[in-house]
K.L.:
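Shown below is the structure under consideration.
Here is the naming used below: chain letters follow the sequence lines, and residue numbers restart at 1 for every chain. If you're wondering where the values come from, they're calculated on a predicted model, not measured in any experiment.
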2 protein chains.
Amino acid sequence: MSSRDQLTDAMAALLWERGYAATSPRDVMARAGVGQGSMYHHFSGKHELAVAALSAVVDDVVGATSQLEGEGSPLERMKRYLSLPRQGTLGCRVGRMTQDPQVVEDADLLAIVAGAFDTMLGRWERVIAAAVDAGELPADTVPAELARTLAAIIQGGYVLARAQGAQEPMDAAVRGAVALLDAAHASVRTGRRPI
Amino acid sequence: MSSRDQLTDAMAALLWERGYAATSPRDVMARAGVGQGSMYHHFSGKHELAVAALSAVVDDVVGATSQLEGEGSPLERMKRYLSLPRQGTLGCRVGRMTQDPQVVEDADLLAIVAGAFDTMLGRWERVIAAAVDAGELPADTVPAELARTLAAIIQGGYVLARAQGAQEPMDAAVRGAVALLDAAHASVRTGRRPI
DNA sequence: GTCTATAAGGGGATAGAC
DNA sequence: GTCTATCCCCTTATAGAC
């Protein structure tokens, strides 16, 4: 692998483990196994290297959300995507960035993160709208709202898992979400309105 | 206010804004308006000061969850607590800490965060169990799971809000959660099971 | 392309005067 | 109790040799 790729891979790993602010160029070079000259030859500095690394990470993570558009009924796809294995204690490689002030205050990095969430939420909204059309969710469901609720459950699951140092809270949060969707499904066509 | 309190208040504010790793003793002293000697007189160092500050923050934040035990039916209390105003783009003062490796790797600080979530989740579980007993939620609801789902929605709402630099995703996530609870409520006593 | 040397400033803490 | 002076190491980068 080229020095350049070694550097972006190392930066991606360190962004995940430590975040942007806490990762020094020295750390990246040591992990990549290249010298200082290499890094400043390929990149103007830490910032440009992080932009390249985070872009690659986002492509990877957002790619997985295409499963929301796979086979099965809309509700099945939603439940299947929610139930994908996620290592809670490691945190989300993208969502994690939002807690780093140096990322949020950096227009380039924030744009990458915001774009990732835009794409993912758009996919959620479409599958939810399809589920409503298919009669799998109540007709008064607001796709834009439920999309954010479900995305938040995944992001929040990571937070709970890290707070407790355990995988279980993440899995429990997802199971609770699936149960709520099942209940919402069960409420369709009963004619009962919320009190 | 005493120098000691000035210091813990300043540290609490900086933990919220920047996190633990990114906050230097120098920052804290400048914000508190006291000299270096004062800080090292009252505290052994950055770590002990952070423990004191974070403990105070947790007492405050966890105190708000007592609203889950206030007046109204269990489901009403759940929806009311979910709908409390929260400044999404500022992030959660406690949940934020979980993304800071220096916090998660520090047994003292992690214990404070874990304890906060334990208390909060316990309150969620009790009000959920009460809602099930009252027939406001399906009988097969698992309180431990739904508690984590709802806590995750709030934590994830902060993540979404920061990712987009806007309050709206947080509020949308909560409205979607309330809608799901209403649908789950509507599904009770219909006899319909998830397909 | 990749290396080492070096610089200017910050992080975290100690020493000791007042 | 609070202050200033000082220390050592790390961070981010530039310079220039190879």
K.L.:
Classify the nucleic acid contact of S2(A) as base, sugar-phosphate or nothing, counting any heavy atom under 4.0 Å across all strands shown.
P.N.:
nothing
K.L.:
Classify the side-chain pair D171(A)/Q167(A) by whether it contains a donor and acceptor separated by less than 3.5 Å.
P.N.:
yes
K.L.:
Could you state the atom-to-atom distance from CG of L7(A) to C1' of dC3(C) in whole Å?
P.N.:
14 Å
K.L.:
What is the distance from CZ of R18(A) to P of dC10(D), rounded to the nearest Å?
P.N.:
13 Å
K.L.:
Thinking salt bridges, do E71(B) and R80(B) make one under a 4.0 Å N-O criterion?
P.N.:
no
K.L.:
Please list, by residue number, the residues of residues 26-47 of chain A whose heavy atoms come closer than 4.0 Å to an atom of DNA chain C; answer none if no residue qualifies.
P.N.:
V34(A), G35(A), Q36(A), G37(A), S38(A), H41(A), H42(A)
K.L.:
Starting at CE of M1(B) and ending at P of dG1(D), how long is that distance when rounded to a whole Å?
P.N.:
18 Å
K.L.:
Please give, in whole Å, the distance from dG1(C) C1' to D5(A) CG?
P.N.:
15 Å
K.L.:
Assess whether a salt bridge exists between R77(B) and E69(B), defined as any Lys/Arg side-chain N lying under 4.0 Å from an Asp/Glu carboxylate O.
P.N.:
no
K.L.:
Taking 4.0 angstrom as the limit, do R148(A) and E168(B) come out as a salt bridge?
P.N.:
no
K.L.:
Between S3(A) and dT2(C), is there a side-chain N or O to OP1/OP2 distance below 4.0 Å?
P.N.:
yes
K.L.:
When you check the gap from the basic side-chain N to the acidic O, do D27(B) and R18(B) get nearer than 4.0 Å?
P.N.:
yes
K.L.:
Tell me yes or no: between the side chains of R162(B) and T89(B), is some donor less than 3.5 Å from an acceptor?
P.N.:
no
